[in-house]
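Note sheet for the following structure.
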Amino acid sequence: MGKKHQTPLLDELKKGKWISFVREMERAAEKSPRTEDLLGQVEESYRDKITHWKHGGMAGVKSYGAGMVGRFSDSPEKYPGVKECHSMRINQTSGFFYNSDVLRKIAGIAEKYAGGLLNLHGATGDIQILGVTQAEAEDAFQAYAELGFDLGGGGSDLRTPSCCVGPARCEFSNYDTLKICYDLTREYQDELHRPSFNYKFKLKFSGCSNDCVASASRSDLAFIGTWKDNIKINQEEVKNYVKKFDVQKYVLDKCPTKCMWFEGDKLVIDDSNCVKCHHCINEMPKALKSGDEKGLSILIGAKAPLVTGPRMGMMLVPFYDVNEDSKNDYEQLKGLISNIWEFWDEYGVSRERIGELIARVGLVTFLEGVGLEPIPEMVNTPRTNPFIKFEDEDAAQ
Amino acid sequence: MPEEVKKKRLTDVGPHDYHDYLPPMVKKNYGKWAYHEIMDSGTMVHVAESGDKLYTVRVGSPRLVSGSFVRDLCDIADKYCGGYLRFTTRNSAEFLFEDEKNIEPLKKDLEKLGLNVGGIGNNVANIVHTQGWVHCHTSASDASGVVKSVMDELYEYFVEEKLPSKVRIAFACCLNMCGSVGSSDIAIVGTHRKPPKINQERLLNLCEIPSTIASCPTNSVRPDVTADGKQTVRIVQETCVFCGSCYTVCPAMPIADPLSDGVSIWVGGKVSNARTKPTFSKLVIPFIPNEPPRWTKVTEAVKTIINAYKEGGHPGERVSEWVDRIGWSRFFKITGFEFTKYHVDDFRLAESMMNYSAYTRL
């Protein structure tokens, strides 16, 4: 069978060693003919150097305000198969673990009700199914729901939380990222499916400060594993590493606070000055382990450029115990999240992320609003300018 | 359909319980892993306190995949991994298994399928990217095509560990920067260079004027009145920074333009806290035109950066640490990239970006 559309430009991208998305689109088109029109339209974009999707458009399932992204072709007469080409976000599993049975079914639904194309995974974490029409959306949704999968977030709501592989397969994890991600996602189903926020809000969970889900650069609240007590040292294993590579040069000299040194062949760490950067543990995982008092740090306010520029997450809570009694700890954490959402709801304006709101009203105003005290861990340095707004009651004393 | 056999409509079932999909060895050693070792650029072993060993083989993926691709992966998982598999935060797939003897046959089977094994250790991991022309309405460039072109060029760095440290590359097709693009070792970002064009007729029907005005980071969307006295907006051309935020809220202000759209290249971002604090990527090339299908100038620029880093980076140094050590003046000299007025920040944090010292490399 000949191709419906000639795609000489895209065909160039079938060459080369890296696995080709064009080949994948063609394979999808074998099962779902509408994807032939997607290939045609993308080829036209390659010719014209411009997107051929119209601005947004509504798509969704009953009683949800999120979980689908509406997409309409600007040339439906030429590409009727993608007249409507919505994507449906399916909430991924914690840690992106699946088995072949369920993945085959997920793919089968994408072929039956959509274009047979999937994103594994989208930038926020969801599985995305491309090429759903509004007429099929409900059936696709119910097929996933029967499989025990739900839609993800979208628009001005809680976006689908995501986490690193955590304790499932990583020795560095200081808390159960999979469990907390799963628990909070279930808790906040309403916030996730029915947008009622000023703008998007993201929660991401990393088990250590290597931050494999990049929480600190993109999530409004970043939960990054840490510990309170001393790094555990296995001196015999340290000696083995010393035989293998220059530990002084590649580990000790790279420590940002120079809090570790050798006394003879014994490694000594001044844990009071350790900032939990994790470099030494990364380099010598057999010899060094984080302490026993594990928990997480909470950073707030990270976001991408729109609207008022990118922000990195900033320290809000240096240590939060989520291991001791996770049920109770999670409840308290949810209390903090509620306070933050209430403050944002009260004082934020439309399309203002929490980081932008804090920048606008000032960190101290925010802290007072959510019931936290300012502490030195929140700043790089105390202020250097003398324009201090003393309050009347302080000045009277 | 008779009413009584209609199924109950399901909503709010929430995410699937991940416990159902954890391999038995993961369940057994959950939270009890002792250490891991990288065996080669595509294989690592995690050793549990119990002594159990779990092998992982990682394979690249274009992220945009067919159902057939999913079934290919599933067949491998059935053959070697008891049916279990997982994905990484950078869209690679991982096969987890207990028998070391399976490593080579599994890799051979993956290679037979045309899949690329690698991405672990001091190499270029899979590129995190966005939808581009395949599925996005605000894109200034395609995503998948640029990523495919860059990965073809950098293939050797995915399959072999030949770099001073890991290199994380990301692509975003507009300034929305879906994904963690702005804090990557190398970020490629779709970039517009002309203000949006206002379609007055559509604007009156489609857009809420106050929210359109509020969408602009530089106050360049101002209220205006049409000739026939209707409320509208105008763009202050002198201050518009072409971010496309207004188009996101107002469909009548399209900003995409084939002649002026393209990508910019940013370097030296990092999200891990190891050794140095997380930091954003910095602008190194303000603009490269879109050149589908292969974006040759983009791939050349990325290779220039990789080659300079490979040459100059000390073992263990991320790109950001290398540039911090040698300085940006040297970076521009080594790469031959031109430093222009566009490299000097003039936005919110501009003041904090200057060199308040006598430090200079002459």
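These values consider heavy atoms only, across backbone and side chains, with no hydrogens, waters or symmetry-generated copies. For clarity, every value in this text was computed on a predicted model and none was experimentally measured.
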### Task
Give, as side chain, backbone, both or neither, the part of A:Ser94 having an atom under 4.5 angstrom from any heavy atom of chain B.
both
### Summary
If you tally heavy-atom pairs under 4.5 Å between each of B:Leu73, B:Asn290, B:Thr11 and chain A, the highest tally belongs to B:Thr11
### Task
Show the numbers, then the answer: is there a salt bridge (charged side-chain N to carboxylate O under 4.0 Å, His left out) between A:Arg186 and B:Asp17?
CA-CA 10 Å; A:Arg186 294 195 78 81; B:Asp17 189 344; over 6 Å; no
### Query
If we only count heavy atoms from C-beta on, is the A:Cys181 to B:Tyr18 side-chain gap below 4.5 Å?
no
### Which of B:Gly82, B:Gly145, B:Ser141 touches chain A most, by non-hydrogen pairs under 4.5 Å
B:Gly145
### Value rounded to 0.5 Å, distance of OG in B:Ser245 from CG in A:Leu306
5.0 Å
### Message
Can you tell me which portion of B:Phe347 sits under 4.5 Å from chain A's heavy atoms? Options are side chain, backbone, both or neither.
### Response
side chain
### CZ-CD1 distance between B:Arg168 and B:Ile127, expressed to the nearest 0.5 angstrom
11.5 Å
### Summary
Cut-off 4.5 Å, heavy atoms of chain B, and the answer for A:Ser173 is neither
### Message
Quick check on the interface: out of B:Val159, B:Asp72, B:Leu206, who has the most heavy-atom pairs with chain A under 4.5 Å?
### Response
B:Asp72
### Task
For chain A, find which of B:Val134, B:Val26, B:Val70 contributes the most heavy-atom pairs closer than 4.5 angstrom.
B:Val134
### Query
For A:Phe141, is it the side chain, the backbone, both or neither that has a heavy atom under 4.5 Å from a heavy atom of chain B?
side chain
### Query
Is the NZ or CZ atom of B:Arg86 positioned over A:Phe97's six-membered ring, under 6.0 angstrom from the centre and within 45° of the axis?
yes
### Summary
Okay, B:Glu94 and chain A: the region with an atom under 4.5 Å from a heavy atom over there is side chain
### Query
Using 4.0 Å as the upper bound for N to carboxylate O, is an ion pair formed by A:Arg27 and A:Glu24?
yes
### Message
Is A:Asp48 in contact with chain B via its backbone, its side chain, both, or neither, using a 4.5 Å heavy-atom distance?
### Response
backbone
### Contact origin within A:Cys85 toward chain B - heavy atom pairs under 4.5 Å
both
### Task
Give, as side chain, backbone, both or neither, the part of A:Gln128 having an atom under 4.5 angstrom from any heavy atom of chain B.
side chain
### Query
Of the backbone (N, CA, C, O) and the side chain (C-beta and beyond), which part of B:Asp12 lies under 4.5 Å from a heavy atom of chain A, both, or neither?
both
### Query
Does atom NZ of A:Lys112 have more than 12 heavy-atom neighbours, drawn from other residues, nucleotides or ligands, at distances under 6.0 Å?
no
### Message
Please classify the contact between B:Arg348 and chain A as side chain, backbone, both or neither, with a heavy-atom cut-off of under 4.5 Å.
### Response
side chain
### Message
What part of B:Met44 gets within 4.5 angstrom of chain A, counting heavy atoms only: side chain, backbone, both, or neither?
### Response
side chain
### Side chain, backbone, both or neither of A:Tyr188 within contact of chain B (heavy atoms, under 4.5 Å)
neither
### A:Arg351, part contacting chain B, at a heavy-atom distance under 4.5 Å
side chain
### Task
For each of A:Gln41, A:Lys303, A:Gln189, A:His52, tally heavy-atom pairs with chain B at distances under 4.5 Å, and name the one with the top tally.
A:Gln189
### Task
Against chain A, label B:Pro254 side chain, backbone, both or neither, depending on which of its atoms sit under 4.5 Å from a heavy atom there.
neither
### Message
For B:Tyr247, which atoms come within 4.5 Å of any heavy atom of chain A: side chain, backbone, both, or neither?
### Response
both
### chain B contact via A:Cys170 - side chain, backbone, both or neither, heavy atoms under 4.5 Å
backbone
### Query
Does a salt bridge link A:Glu12 with A:Lys15, judged by any charged N lying under 4.0 Å from a carboxylate O?
yes
### Query
Is chain A contacted by the side chain of B:Leu349, its backbone, both, or neither, given a heavy-atom distance below 4.5 Å?
neither
### Query
What residue, out of B:Asp257, B:Leu154, B:Asp75, has the most heavy-atom pairs lying under 4.5 Å from chain A?
B:Asp75
#### Entry: Proximity breakdown for A:Arg311 and chain B, heavy-atom pairs closer than 4.5 Å
both
### Task
Using a strict cut-off of less than 4.0 Å between a Lys/Arg side-chain nitrogen and an Asp/Glu carboxylate oxygen, indicate whether A:Glu138 and B:Arg9 qualify as a salt bridge.
yes
### Query
Donor-acceptor pair, A:Arg71 side chain versus A:Gly57 backbone, under 3.5 Å?
no
#### Entry: For chain B, the option from A:Asn91, A:Thr93, A:Asn99 that forms the most heavy-atom pairs under 4.5 Å
A:Asn99
### Residue B:Leu54 versus chain A: region with a heavy atom under 4.5 Å
side chain
### Task
Measure centre to centre between the rings of A:Phe72 and A:His55, then say whether the value is under 6.0 Å.
no
### Query
How far does CD of A:Glu111 sit from CZ of A:Arg104, to the nearest 0.5 angstrom?
12.0 Å
### Message
Does any backbone or side-chain atom of A:Leu13 lie under 4.5 Å from a heavy atom of chain B? Answer side chain, backbone, both or neither.
### Response
both
### Query
Under a 4.5 Å heavy-atom cut-off, does chain B meet the side chain of A:Asn380, its backbone, both or neither?
side chain
### Query
Do you know which of A:Ala110, A:Gly56, A:Ser162, A:Ala302 has the most heavy-atom pairs with chain B at a distance under 4.5 angstrom?
A:Gly56
### Contact origin within B:Tyr155 toward chain A - heavy atom pairs under 4.5 Å
side chain
### Query
Can you tell which of B:Asp152, B:Thr276, B:Asp20, B:Thr89 has the highest number of heavy-atom pairs within less than 4.5 Å of chain A?
B:Asp152
#### Entry: A:Glu43 side, atom CD; A:Leu38 side, atom CG - distance, nearest 0.5 Å
12.0 Å
### Query
Is B:Asp78 paired with B:Arg71 through a side-chain N to carboxylate O contact shorter than 4.0 Å?
no
### Summary
Okay, B:Thr56 and chain A: the region with an atom under 4.5 Å from a heavy atom over there is side chain
### Task
Could you go through the salt bridge (charged side-chain N to carboxylate O under 4.0 Å, His left out) check for A:Lys286 and B:Glu37 one step at a time?
CA-CA 9 Å; A:Lys286 282 186 184 175; B:Glu37 283 175 334; 3.2 Å; yes
### Query
Which atoms of B:Asn91 come close to chain A, meaning under 4.5 Å heavy atom to heavy atom: side chain ones, backbone ones, both, or neither?
both
#### Entry: A:Lys14 atom NZ: more than 12 heavy-atom contacts under 6.0 Å
yes
### Task
Please state whether the side chain, the backbone, both or neither of B:His46 comes within less than 4.5 Å of a heavy atom of chain A.
side chain
### Task
Go through the atoms of B:Lys277 and report whether side chain, backbone, both or neither lie under 4.5 Å from a heavy atom of chain A.
side chain
#### Entry: Contact origin within A:Val275 toward chain B - heavy atom pairs under 4.5 Å
neither
### Query
Looking at B:His16 versus B:Tyr21, is the centre-to-centre ring distance below 6.0 Å?
yes
## Note on the structure
Bottom line for A:Tyr250: the part with an atom under 4.5 Å from chain B's heavy atoms is side chain
### Task
Would you please say whether a donor-acceptor pair under 3.5 Å links the side chains of A:His193 and A:Asp150?
yes
### Task
Evaluate whether atom NZ of A:Lys289 has more than 12 neighbouring non-hydrogen atoms of other residues, nucleotides or ligands under 6.0 angstrom away.
yes
### Query
SG-SG distance between B:Cys250 and B:Cys207 under 2.5 Å?
yes
### Query
Just by distance, with hydrogens left out, do B:Arg63 and B:Gln131 show a side-chain donor and acceptor under 3.5 Å apart?
yes
